[in-house]
Amino acid sequence: MTLLEKKLGRPMNQGELFKETHIVKKKKETDQERVASQLKWRNSYAVSDLISQASQSNLRPRMLKEYGRRLQAVQNGGSNLVHSCSKPLAKVDEKAKRMILESLELQTYVDEFFGSTDYVFRLTRYKEIQGENLGLAGHTDGNYLTIVSQNGINGVQIFNKNVEWIDVNISQNSCIVIVGDALKAYTNGRLRSPYHRVAMVGNKDRFSLQLFSAPNVFYKIEAPKELVDEEHPLLFKPYDLLGYAQYIAIRANQGFPNVLKSFCGV
Ligand SMILES: O=C(O)CCC(=O)C(=O)O
Ligand SMILES: [Fe+2]
């Protein structure tokens, strides 16, 4: 149970779920405040939150149980809203992953890859604030793929090679597919995980749905031998997501682009 659920004495309903992931930024924050508020915000449903909280303390068994309970609820259709919102994103996720594996001629790994994958679905509301409003600071995702769907309000920005933040502008019915560090490592760097953030500039609230697919926390993330040769030497030592999340948690945030390389780069 989350703290709010403990207080309520029952699981949260959808409205409360939205509130819990609600980001409000009223003033320019110091770095310390930003990290603190991000950690507060991240106290929701992302697998990385769960792992980082879990790995930091004796919360682990309870958090994992809670995580299991929520996944079960979604799988059982226990929450129609969550189920109906996440299903189309799951389809995109599956299609994208199949295309990626096929394009790298890794068809024989499809079962193992999908079999080792866990999913977390998250709903986030970014509140409209006049002026500067950084909804989520720069980071790379640690998982395989993140599928983002939004209510027509753009906000995601990608950091490009020219050291500029580029807006990701998509049409109302499209979604964004973000490659995470686990897929970068698995593909031995064939796919890159972009450094990105959420910056709100408009005057409307932004609602975003995110489906995170990730290797289960103990799965050894290792590039298949087919992707490693003289021309493509192994870039990352095998690792698991739990270790990676612990590494990031110790550093308090994910705020630098080459965190994967610094963690397990060869
Ligand atoms: O809310 C969004 O649009 C993207 C969020 C994101 O980048 C993340 O949660 O890792
Ligand atoms: Fe992200």
Side-chain angles (χ1 to χ4, degrees), residues 17-25 34-35 37-53 67 70 82 85-86 88-90 92-93 96 117-129 133-160 165-185 191-202 204-215 241 244-245 248-249 251-260:
L17 177 73
F18 265 116
K19 267 193 204 149
E20 207 198 31
T21 53
H22 188 168
I23 293 180
V24 183
K25 294 267 158 59
R34 179 179 62 74
V35 170
S37 101
Q38 292 224 346
L39 286 176
K40 190 169 157 221
W41 171 72
R42 291 209 308 263
N43 183 20
S44 59
Y45 297 96
V47 72
S48 56
D49 310 338
L50 208 93
I51 297 163
S52 58
Q53 288 179 31
Y67 173 45
R70 288 184 191 286
V82 170
C85 290
S86 60
L89 301 190
V92 175
D93 173 83
T117 303
D118 276 345
Y119 294 88
V120 171
F121 178 61
R122 185 166 67 191
L123 305 91
T124 306
R125 178 184 181 190
Y126 298 88
K127 185 101 174 84
E128 168 268 318
I129 304 282
N133 177 24
L134 190 59
L136 181 58
H139 64 283
T140 54
D141 291 348
N143 49 315
Y144 281 143
L145 277 188
T146 307
I147 316 294
V148 179
S149 170
Q150 59 190 29
N151 61 336
I153 309 288
N154 291 305
V156 176
Q157 296 183 329
I158 304 273
F159 203 56
N160 73 5
W165 286 106
I166 303 294
D167 293 326
V168 179
N169 293 325
I170 57 166
S171 62
Q172 182 111 27
N173 296 323
S174 306
C175 55
I176 306 170
V177 179
I178 302 174
V179 172
D181 295 331
L183 199 53
K184 179 178 179 177
L191 297 184
R192 302 211 178 141
S193 48
Y195 193 61
H196 60 283
R197 68 180 188 183
V198 179
M200 294 282 293
V201 286
K204 282 191 183 145
D205 287 2
R206 174 168 184 265
F207 290 88
S208 94
L209 309 175
Q210 304 120 52
L211 184 77
F212 299 88
S213 64
L241 206 54
Y244 190 41
I248 291 169
R251 280 147 192 83
N253 62 49
Q254 302 179 308
F256 56 105
N258 285 323
V259 62
L260 180 67

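Just follow the structure's listing: the first ligand is 1, and inside any ligand the first atom is 1.
- Every atom of ligand 1 with a heavy atom of Gln210 under 4.0 Å away is listed here by number and element: 1 (O), 9 (O).
- Among protein atoms, those of element N, O or S found less than 2.8 Å away from the Fe ion (ligand 2) are His139 NE2, Asp141 OD1, His196 NE2.
- For ligand 1, the atoms sitting less than 4.0 Å from at least one non-hydrogen atom of His196 are 7 (O), numbered in the order shown with element in parentheses.
- Residue contact check for ligand 1: Arg197 places no non-hydrogen atom closer than 4.0 Å to it.
- Remark: ligand 1 atoms within the under-4.0 Å shell around heavy atoms of Val156 are 3 (O).
- Listed by atom number, the atoms of ligand 1 under 4.0 Å from Asp141 heavy atoms are 10 (O).
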What verdict does the side-chain contact (heavy atoms from CB on, under 4.5 Å) test give for Val198 and Arg206, after you've listed the backbone C-alpha separation in whole Å, the side-chain angles of each residue and the deciding distance to 0.1 Å?
CA-CA 10 Å; Val198 179; Arg206 174 168 184 265; 3.5 Å; yes

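- One distance of note links OG of Ser213 with CG of Asp118; it measures 9.5 Å at 0.5 Å rounding.
- Atoms of ligand 1 found under 4.0 Å from any heavy atom of Ser208 (numbered from 1 in listed order, with element): 1 (O), 2 (C), 3 (O).
- Put simply, the side chain of Arg197 never gets that close to the backbone of Gln157: no donor and acceptor are under 3.5 Å apart.
- Numbered from 1 in the order shown, with element, the atoms of ligand 1 that lie under 4.0 Å from a heavy atom of His139 read 6 (C), 7 (O), 8 (C), 10 (O).
- Remark: Asn151 pairs with no residue by the side chain to side chain donor-acceptor pair (under 3.5 Å) rule, at least two apart or across chains.
- Here the OH-OH distance, from Tyr144 to Tyr119, works out to 10.0 Å after rounding to the nearest 0.5 Å.
- Atoms of ligand 1 found under 4.0 Å from any heavy atom of Arg206, numbered from 1 in the order shown, are 1 (O), 2 (C), 3 (O).
- For Thr146, the closest heavy-atom approach to ligand 1 does not fall below 4.0 Å.
- For the 3.5 Å distance criterion, the side chains of Ser174 and Gln172 fail to qualify, holding no donor opposite an acceptor.
- By the 30° and 60° cut-offs, the orientation of the rings of Phe159 relative to Trp165 is tilted.
- Atom-to-atom distance recorded for His196:NE2 and Ile176:CD1 is 9.0 Å, nearest 0.5 angstrom.
- The side chain to side chain donor-acceptor pair (under 3.5 Å) test applied to Asn169 returns Asn154, not counting sequence neighbours.
- Listed by chain and number, the residues in a side chain to side chain donor-acceptor pair (under 3.5 Å) with Thr146 are Asp141, Asn143 (sequence neighbours excluded).
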